[in-house]
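So that the names make sense, note that chain A is the first sequence line, chain B the second, and so on, each numbered from 1.
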Amino acid sequence: MSMKNNIKEILNSFKRTTDEVFTLEQLKTRLNDPRPMIIKYGVDVTAPQLHIGHAVNLWMMRKLQEYGHKVIFLIGDFTTRIGDPTGESQLRPLFKQEEIEKNAKEFIKQVSMVLLTDPAVFEVRRNSEWMDSMPTGKFVSLLSMITHSRLISRDMFQRRIQTGSEIYMHEMIYPIIQGYDSVALKSDITIIGTDQLFNEMIGRFYQEKFGQSPQIIITTKITPGIDGKEKQRKSLDNYIGLGHSPRDKFGRAMRIPDRLLMEYFEVYTDLDEAQIKEIGENISTNPMECKYRLAETIVKRYHGKKIAQEKRNWFVRTFSQKKVPKDIPTVSIKNSNCTVFDLLRQCYDPFKKSNSELRRLIQQGAVSIDGNKECDSNTNVSIGNQAILKVGKRTWFRVVLQTKE
RNA sequence: GGGGAGGUGCCAGAGUGGCCAAAUGGGGCGGGCUGUAAACCCGCUGGCGUUGCCUACGAUGGUUCAAAUCCAUCCCUCCCCA
């Protein structure tokens, strides 16, 4: 393939998930340059739980990797210790280095579901490398290049000023450090969520001050979480995580509201435009089938065709045909005669569910044994060799009588 | 530096001596209807040996037969003025 075609192919594949590019001209020019690009992928190493929203950025980086460009996975250990103000107001607790390293490891594990980790196109760095040893004089000289008004122009600082909240100095300085990372890495391009735009713009600013050509910034589209409300966030548990099992990915995809289907196809799958268009035409006549397709496509993207197919079959069998799945946890009990409550208690970790909670579940009709609903905690049941205990819509246990030894 | 308001359950927010495990709304969970969609309806939502008991309304101590509610000290947050 000629280079011209490469460029076209890259730009084309980026279009669907790109929000803005700073600047498109620059991107085209740089892609024409035969030298490989340095892609800055900076992360704040709090406990990682990457989701398919983050993966949108990763897939774009992956694309560039395939053409020989190099991702530098920058662990912001220094900056994490400071605390990024991006995530809204509250001050963040400080992190210990060992915790950071543990998180970083997990991060790389999740990232490698998408990115190539061949050292030719993937390298891990830490910003403590240059920040820990930076002399105060140098740091002050960085400060002298930028003005207060530029720093507080950031929308979230403006909000705080308007509401009379404080801005701490380390928060003001954060973008400077993150920006300087781009200088230290000689970053050519960075692909980020819009929430990071301000910081990365400061990166461009500093790179120019240091005589480098400013990094290209691509911001990506953000779509609502599976609850159809806000963006995917760990704390809302409304995301499809890279760390989720294939089955959970499938199930979570099946839970999205219908109106998000097309958006999800566009942003989270690699189906081509023609295929998506075709799905769009069928969506009103058979939305469920489209959703199956979506779930399967997403799982396939991360776990391959075979697993995706299996999960689909599992799902159909379990929820459409309402058959008890085969691979459910087994709980062995000692006495064949006990109450419904006793039985349930043995299936759950007491730290996760309290007795009261279990009693409530029983009372509310969530529990059935071999298909018979049990609504009274104190009912005595006798289990033969084994029984299937179902709790709610998607939890099963195989209860087995322990043979005496 | 001066003045004012406030800290209640996952969140928001009522309650200002007993009827308070604490109104109401959101969220979550369970049930019904369904397509693990949407909409809708019903119930639940601190713990425990559950007609009762224990722990809880920023922290500690006090007053009282009785405190989320009153008093004292402390910690924290917010607002206004300069």
Counting the atoms with a prime plus P, OP1 and OP2 as sugar-phosphate, which does [X] contact under 4.0 Å by heavy atoms, base, sugar-phosphate, or nothing?
X	result
A:Gly251	base
A:Leu261	nothing
A:Pro257	sugar-phosphate

A:Lys393 side-chain N/O to B:C29 phosphate OP1/OP2 under 4.0 Å =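 For B:C29, OP1/OP2 do not have a side-chain N/O of A:Lys393 under 4.0 Å.
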Rounding to the closest angstrom, what is the interatomic distance between [N] and [M] at atom [atom1]?
N	M	atom1	value
B:G18	B:C70	P	11 Å
B:C65	B:G30	C1'	42 Å
B:U24	B:U69	P	22 Å

Taking only residues two or more places apart in sequence, or in another chain, which ones meet A:Asp327 in a side chain to side chain contact (heavy atoms under 4.5 Å, CB included)?
->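 Partners of A:Asp327 by the side chain to side chain contact (heavy atoms under 4.5 Å, CB included) criterion, ordered by chain and then number, come out as A:Arg247, A:Trp314, A:Pro325.
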Examine the side chains of A:Asn127 and A:Thr79 and answer whether a donor and an acceptor come within less than 3.5 Å of each other.
->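 There is such a pair between these side chains.
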Can you tell me how far the CG atom of A:Leu31 sits from the NZ atom of A:Lys8, to the nearest 0.5 Å?
->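 Interatomic distance, A:Leu31 CG to A:Lys8 NZ, rounded to 0.5 Å: 14.5 Å.
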Could you give the NZ-to-C1' distance, from A:Lys229 to B:G28, as a whole number of Å?
->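 Rounding to the nearest Å, NZ of A:Lys229 and C1' of B:G28 are 10 Å apart.
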When the distance from CD1 of A:Ile283 to P of B:A37 is rounded to whole Å, what number comes out?
->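 Roughly 16 Å, once rounded to whole Å.
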Tabulate atom names and distances for all N/O pairs under 3.5 angstrom spanning the protein and nucleotides 44-50 of chain B.
from  : atom 1 : to       : atom 2 : distance (Å)
B:C44 : O4'    : A:Gln364 : OE1    : 2.9
B:G47 : OP1    : A:Ser354 : OG     : 2.8
B:G47 : OP2    : A:Arg360 : NH2    : 2.6
B:C48 : OP1    : A:Asn355 : N      : 3.0
B:C48 : OP2    : A:Asn355 : N      : 3.4
B:C48 : OP2    : A:Ser356 : N      : 2.8
B:C48 : OP2    : A:Ser356 : OG     : 2.5
B:G49 : OP1    : A:Asn355 : ND2    : 3.1
B:G49 : OP2    : A:Asn355 : ND2    : 2.9
B:U50 : O4     : A:Ser356 : OG     : 3.1

Partners of A:Asp227 by salt bridge (Lys or Arg N to Asp or Glu O under 4.0 Å), sequence neighbours excluded?
->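 So A:Asp227 forms no salt bridge (Lys or Arg N to Asp or Glu O under 4.0 Å) with any residue.
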